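In what follows, a structure is listed as structure tokens, so that the remarks can point back to it.
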Number of protein chains: 2
Amino acid sequence: MATQAERREKTRASIVKAARRIFGERGFSAATMDDIAAGARVAKGAVYHHFATKEAVFEAVFEQVSIDLVADLDRISRAENDPLAAMAAGTQGYFAACSKGPTGQIILRDGPAVLGWERWREIDAKHFGGKFPRALAAAMEAGVIAKQPIEPLARLLLGAVTEAAVAVSAGPDIGKTGTDYARAFRSLLDALRVK
Amino acid sequence: MATQAERREKTRASIVKAARRIFGERGFSAATMDDIAAGARVAKGAVYHHFATKEAVFEAVFEQVSIDLVADLDRISRAENDPLAAMAAGTQGYFAACSKGPTGQIILRDGPAVLGWERWREIDAKHFGGKFPRALAAAMEAGVIAKQPIEPLARLLLGAVTEAAVAVSAGPDIGKTGTDYARAFRSLLDALRVK
DNA sequence: TCCATTTACCGACTGATAGTCGGTATTTAT
DNA sequence: ATAAATACCGACTATCAGTCGGTAAATGGA
């Protein structure tokens with residue numbers, strides 16, 4: 001005898017939870033809506049009552065994973081004082097989280113392909129994107145790096161990090177290890193330091 | 001009365017040509033094998049006689065686009081003498097080519113997603129990826145930038161460039177213009193310069 | 001030149017799966 | 001209590017990647 005809102009939220013959460021597991025394990029295209037419905041113990045119709053398309057389900061999962069990840073990274077980078085050191089630390093955490101398992105599958109591999117780059121960027125910007133510009137602004141303010149337009153530089157750095165994360169997620173045999181990239185990234189940040 | 005080799009090559013080329021147009025226009029998942037077959041004026045069976053899967057067709061298209069793109073960029077960057085200036089120039093050309101139309105769709109959007117990271121990296125390394133490492137090695141050799149591991153830095157820079165290209169392709173309203181990014185990238189390269 | 005073999009191509013068919021739709025159960029508003 | 005609205009059900013449809021038995025064309029040996 002739950003209220004409609006409770007029923008609704010419970011079912012929705014159950015669907016997203018099942019979808020998160022299945023998308024993470026098998027990837028977007030190998031996951032079927034029937035699997036997701038079965039995993040959530042509801043009929044397919046219920047899934048389509050809550051989400052218009054398979055992509056919409058994925059988007060909900062993607063947002064949830066992003067939120068969890070950001071919370072983790074915030075905790076990590078808050079421990080540092082120097083602005084550039086905080087960026088480097090957060091980056092390393094990002095590598096660690098995305099380099100293996102479901103998180104990497106959802107965020108790095110399927111994310112851009114399923115949502116499209118624009119939408120991916122939008123969501124990414126909502127959760128992560130703000131971090132880099134803010135950190136850069138702080139670093140410029142503190143005189144640690146030279147003043148220059150923030151937005152383009154932030155994007156370049158974000159792209160660099162993402163690329164490295166993808167490379168790391170492919171395994172240490174193919175690319176270099178997360179440590180190698182973390183070091184390279186730190187050296188890139190150091191290069192920006194005002195001498 | 002063509003030879004088998006001629007028939008084969010003609011049909012294959014026709015398929016790849018049609019597929020290139022259709023993949024470029026609609027994206028991978030919206031393009032159907034029936035469309036491709038129709039576009040190439042052959043039966044679906046012929047397509048499957050030449051390519052095992054839809055992904056295989058895409059791979060052939062991807063390689064062709066890569067080859068064309070690399071040829072363009074080579075021409076552009078060869079005009080510069082300073083190693084870093086050559087990188088910057090090539091980068092700007094990359095922006096121009098990928099920021100709009102079919103090339104961007106195939107290379108930036110569908111490419112990595114469809115082929116999978118490992119395979120994408122292989123092809124990329126064969127055609128394009130080698131450029132950055134080589135340019136960096138030359139710059140280090142010339143003493144323009146400090147000696148350090150090449151591969152990780154090259155990946156970071158490639159990621160930065162790709163991200164910028166995507167941002168530009170999303171339109172100037174969303175990101176900044178290509179010029180803004182080109183400038184930011186040049187400033188990043190300059191930061192690497194030995195002072 | 002003729003036949004056997006191999007290779008290129010054809011297109012109706014199959015299986016899988018995203019999405020639909022008419023119907024039922026449960027809650028809410030009057 | 002009853003009507004309306006909302007949540008959920010699951011058989012059904014449409015679409016499309018991939019298959020398969022068959023035909024046409026080239027090739028190599030006699």
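Residue numbers start from 1 in every chain, and the chains themselves are labelled A, B, ... in the order their sequence lines are given, proteins ahead of strands. Bear in mind that the values here come from a model prediction, so they are computed numbers and not experimental data.
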D:dA25 C1' sits how many Å from B:E9 CD, rounded? 18 Å
Residue pair B:T162, A:E163: steps toward the side-chain hydrogen bond (donor to acceptor under 3.5 Å, both in side chains) verdict: CA-CA 9 Å; B:T162 305; A:E163 175 75 9; 5.2 Å; no
Establish, with yes or no, whether the OP1 or OP2 oxygen of C:dC9 is under 4.0 angstrom from a side-chain nitrogen or oxygen of B:T11. yes
Between A:R7 and A:K54, who's closer to the 5' end of DNA chain C by nearest nucleotide? A:K54
Spacing between A:E6 atom CD and C:dT28 atom C1', to the nearest angstrom: 14 Å
Are the side chain of A:E6 and the backbone of A:T3 linked by a donor-acceptor contact shorter than 3.5 Å? yes
Return the 5'-most residue of the pair B:Q4, B:T53 with respect to DNA chain D, ranking by each residue's nearest nucleotide. B:T53
Options C:dG19, D:dC8, D:dC9, nucleotide nearest the side-chain atoms of A:V42: D:dC9
B:D34 atom CG is separated from C:dA12 atom C1', nearest whole Å, by 12 Å
With a 4.0 Å cutoff (strictly under), does any side-chain N or O of A:R8 reach OP1 or OP2 of D:dA7? yes
Just the rounded figure in Å: distance from P of D:dC8 to CZ of A:R41. 16 Å
Output the single nucleotide from C:dC9, C:dA18, D:dC8 whose closest atom is nearest the side chain of A:Y48. C:dA18
Taking any heavy-atom pair under 4.0 Å as a contact, classify A:A5: base, sugar-phosphate, or nothing. nothing
Using whole Å, what does the distance between atom P of nucleotide C:dG19 and atom CD1 of A:I36 come to? 11 Å
B:R20/B:D68 salt bridge by N-O under 4.0 Å criterion: yes
To the nearest Å, give me how far apart NZ (B:K10) and P (C:dC9) are. 10 Å
Just how far, in rounded Å, is P of C:dC13 from CE of B:M33? 20 Å
A:A43 side chain: which of D:dG10, C:dC9, D:dT19 is closest? D:dG10
Heavy atoms only, 4.0 Å cut-off, all strands: where does A:K44 land among base, sugar-phosphate and nothing? base
Closest heavy-atom contact between A:L84 and A:I145? CD1-CG2, 3.9 Å
Rounded to whole Å, please give me the gap between CD1 in A:I15 and C1' in D:dC9. 12 Å
A:H49 side chain N/O closer than 4.0 Å to the phosphate oxygens (OP1, OP2) of D:dA7? yes
Parallel under 30°, tilted from 30 to 60°, perpendicular over 60°: which one fits the rings of A:F28 and A:F58? perpendicular
Determine the contact category for B:A30: base if any of its heavy atoms lies under 4.0 Å from a base atom, sugar-phosphate if only primed atoms, P, OP1 or OP2 are that close, otherwise nothing. nothing
